[in-house]
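One structure below.
First the proteins, then the strands, lettered A, B, ... as listed; each starts at 1. What you are looking at is a predicted structure, and each value in this text was computed from that prediction instead of being measured.
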Number of protein chains: 2
Amino acid sequence: MAERKRRLVAGELRDAALMLLATKGFDTVTVDDIVAVAGVSRRTFFRYFASKEDVVVRFLADMGASVVAELAARPRAEPPSAALRHAVWVPLAACTDRADHTERARIVVRLILDTPALHARWLDRQSRWCDALAAELAARHRLDPDTDPYPRMAAGMAMLALDTVLRQWQPGADEQRLAELTDQAFAVVAPALDTPGAPEPPP
Amino acid sequence: MAERKRRLVAGELRDAALMLLATKGFDTVTVDDIVAVAGVSRRTFFRYFASKEDVVVRFLADMGASVVAELAARPRAEPPSAALRHAVWVPLAACTDRADHTERARIVVRLILDTPALHARWLDRQSRWCDALAAELAARHRLDPDTDPYPRMAAGMAMLALDTVLRQWQPGADEQRLAELTDQAFAVVAPALDTPGAPEPPP
DNA sequence: CCTTTGACGGCACTGAGTGTCAATAGATGC
DNA sequence: GCATCTATTGACACTCAGTGCCGTCAAAGG
C-alpha cells in the first residue's frame with residue numbers, strides 16, 4: 001500500500017526527468033528543475049535515486065539481471081555463442097514489447113550514448129553485469145575465473161555485441177531489425193566464443 | 001621556459017594526488033587536501049586538471065593515442081589479431097620500462113579498477129580509443145564503419161584484452177609476465193579477429 | 001623603463017549530494 | 001474512537017566539485 005505510493009513517486013520522478021533531459025540535455029537540467037515538474041522536494045529525489053545519472057541508467061538496469069538470469073537458464077550443452085545470444089536478446093526484445101515503450105527506450109539509449117557522464121555510468125554498470133556473466137560462464141564450463149581469461153572475455157564480447165546493437169539502433173527500427181543487428185554482432189564474435197579448448201569441460 | 005614550469009607544477013600536483021589517493025582512497029581525499037600538499041591554490045589545480053578523476057585517468061591517457069598510432073604503423077598484410085596485439089602491447093610494455101615506474105603504474109591501475117568513479121571515467125576514455133581504433137580498422141580493411149559491425153567489435157575486443165591483462169596484473173609481475181597475459185588474452189579473441197569474410201578487402 | 005602577456009590566488013557562485021530534525025499521515029493496538 | 005508507532009516527506013544546513021571573474025605579480029619584449 002505504501003509500496004504502491006513509492007512506485008508512483010518514483011515513476012513521476014523518472015518521467016519528469018526523462019522528459020526534461022531528453023529535450024534540454026543532461027547538463028543544463030538541474031535536479032531542482034526535475035523536482036519542480038514532479039512536485040516533490042529536492043531531498044526526496046535523492047531518496048529515490050542515488051544521483052542524476054541514476055535516473056537514466058536505472059531505466060535500463062533491469063537488462064543486467066535479465067541477461068545473467070537468461071544465461072543461467074540456457075541448457076549447458078548449448079554452445080556459448082548461442083547461449084549468450086539468447087541471454088542478450090531477451091532484454092533487447094523486452095524493449096520493443098510495446099510500440100510507445102520502444103521509442104522511449106531508444107531515446108534513452110541515444111541520450112546515454114551521447115552524454116559523456118551518462119555514458120561513463122552506463123559502461124560502469126555494464127562492467128558489473130560483465131562480472132556476473134563471467135562468473136556464470138566460469139561455473140557453466142568449470143573454469144577458474146581467476147586464471148582463465150576466457151570467462152571474462154566471453155562476457156565482455158557479449159556486452160560488446162549488446163553495445164554494438166544499441167549503437168546501430170536507428171529511429172523506427174522494429175523487433176525484426178534489432179534481431180538482425182544482434183545476429184550480425186554475434187556472428188562476429190562467435191568464432192572466439194565457440195573456439196575449442198576452453199569451453200569443453202572434461203567429463 | 002614557462003613551459004617547463006608548467007610541467008613542474010603539473011608533476012607536483014599529480015604526485016601529491018597519487019600519493020594521497022592511493023593511501024587514503026579516492027572519496028575521502030578532497031581537492032583541498034591535494035593542493036595543500038602540492039603547495040598551490042585550489043583554483044590552479046583546476047587549471048591543470050579538469051576534475052579530480054582527471055588526475056588519475058590522465059596518468060594512463062597516453063596509452064590511447066599510442067594504441068591507435070601503433071596500429072596505423074603495422075603493415076596492412078598482417079592479420080588483425082597480430083596487428084592489434086602489437087598495438088596494445090607497446091603502451092603496456094611502456095609501463096614496465098623502469099622498475100619503479102612499473103609499480104606505480106600498477107598501483108594506479110588497481111586504484112582505477114577499485115574506485116567506481118574512476119572506473120567509470122576509465123571505461124569512458126577507453127571507449128573513445130575504441131572509436132579511433134574502429135575508424136583505423138575500417139580504413140585498413142576498407143569497410144564501412146556505419147554498417148559493418150566488425151571494426152567496432154574488433155576494436156572492442158582489443159580493449160577487452162587490454163582490460164583483462166590489467167585486471168590480472170599481480171604485484172611484482174614483470175614485463176615477461178605481462179607479455180604472457182597479453183598472449184593469453186589475444187589467443188581467446190584471435191579466432192573472431194581473423195575470421196574470414198570481413199577482414200579481406202576485395203582488390 | 002614601460003607595456004604586454006600569462007599564470008596565479010582569492011573570492012563568490014552554482015549545483016550535486018548528505019545528515020539531521022520536525023511534521024505528517026497511515027497502520028496498528030487497545 | 002483514541003493513542004501510538006512507523007515510514008515518508010520537506011526544510012535547512014553543510015561539504016565538496018567545478019567555474020567565472022578580477023586584481024596582482026613577474027617575466028618577456030620593445
With B/Glu12 via side-chain hydrogen bond (donor to acceptor under 3.5 Å, both in side chains) - residues at least two apart: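 By the side-chain hydrogen bond (donor to acceptor under 3.5 Å, both in side chains) rule, B/Glu12 matches no residue at all.
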In residues 112-121 of chain B, what donor-acceptor pairs under 3.5 Å come from side-chain atoms, sequence neighbours left out?
unit_1	atom_1	unit_2	atom_2	d
B/Thr115	OG1	B/Leu111	O	2.8
B/His119	ND1	A/Asp124	OD1	3.1

Selection: residues 4-14 of chain B, any non-hydrogen atom under 4.0 Å of DNA chain C: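 Within residues 4-14 of chain B, the residues near DNA chain C are B/Arg6, B/Val9.
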Shortest non-hydrogen contact from A/Gln168 to B/Asp146?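 Of all heavy-atom pairs spanning A/Gln168 and B/Asp146, the closest is NE2-O, 3.1 Å.
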Please report the closest heavy-atom contact between A/Met157 and B/Met153, naming both atoms and the distance.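 Closest heavy-atom pair between A/Met157 and B/Met153: O-CE, 4.4 Å.
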Reading 5' to 3' through nucleotides 16-28 of chain D, protein heavy-atom contacts under 4.0 Å coded B for base, S for sugar-phosphate only, - for none: SBBBBB-------
Which of residues 109-119 of chain B sit near DNA chain D, with a heavy atom under 4.0 Å from it?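 Result for residues 109-119 of chain B: none.
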With respect to the phosphate group of D/dG10, does any side-chain polar atom (N or O) of A/Thr44 fall under 4.0 Å of OP1 or OP2?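 Looking at the OP1 and OP2 atoms of D/dG10, one of them is under 4.0 Å from a side-chain N or O of A/Thr44.
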Is there a side-chain polar atom (N or O) of A/Tyr48 under 4.0 Å from OP1 or OP2 of D/dT8?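 Checking A/Tyr48 against D/dT8: no side-chain N or O falls below 4.0 Å of OP1 or OP2.
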May I ask you to decide whether B/Arg125 forms a salt bridge with B/Asp54, counting only side-chain N to carboxylate O separations under 4.0 Å?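 The answer is yes: the pair qualifies as a salt bridge.
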Looking at A/Arg104 and A/Asp15, does any basic side-chain N land under 4.0 Å from a carboxylate oxygen?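 Yes.
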May I ask you to check if B/Arg6 and B/Tyr48 form a cation-pi contact, with NZ or CZ under 6.0 angstrom from the six-membered ring centre and within 45° of the axis?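 Cation-pi check for B/Arg6 and B/Tyr48: passes.
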Under 4.0 Å from any heavy atom of chain B: name the first and the last nucleotide of DNA chain C that qualifies, 5' to 3'.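 From 5' to 3', the first and last contacting nucleotides are C/dA7 to C/dC11.
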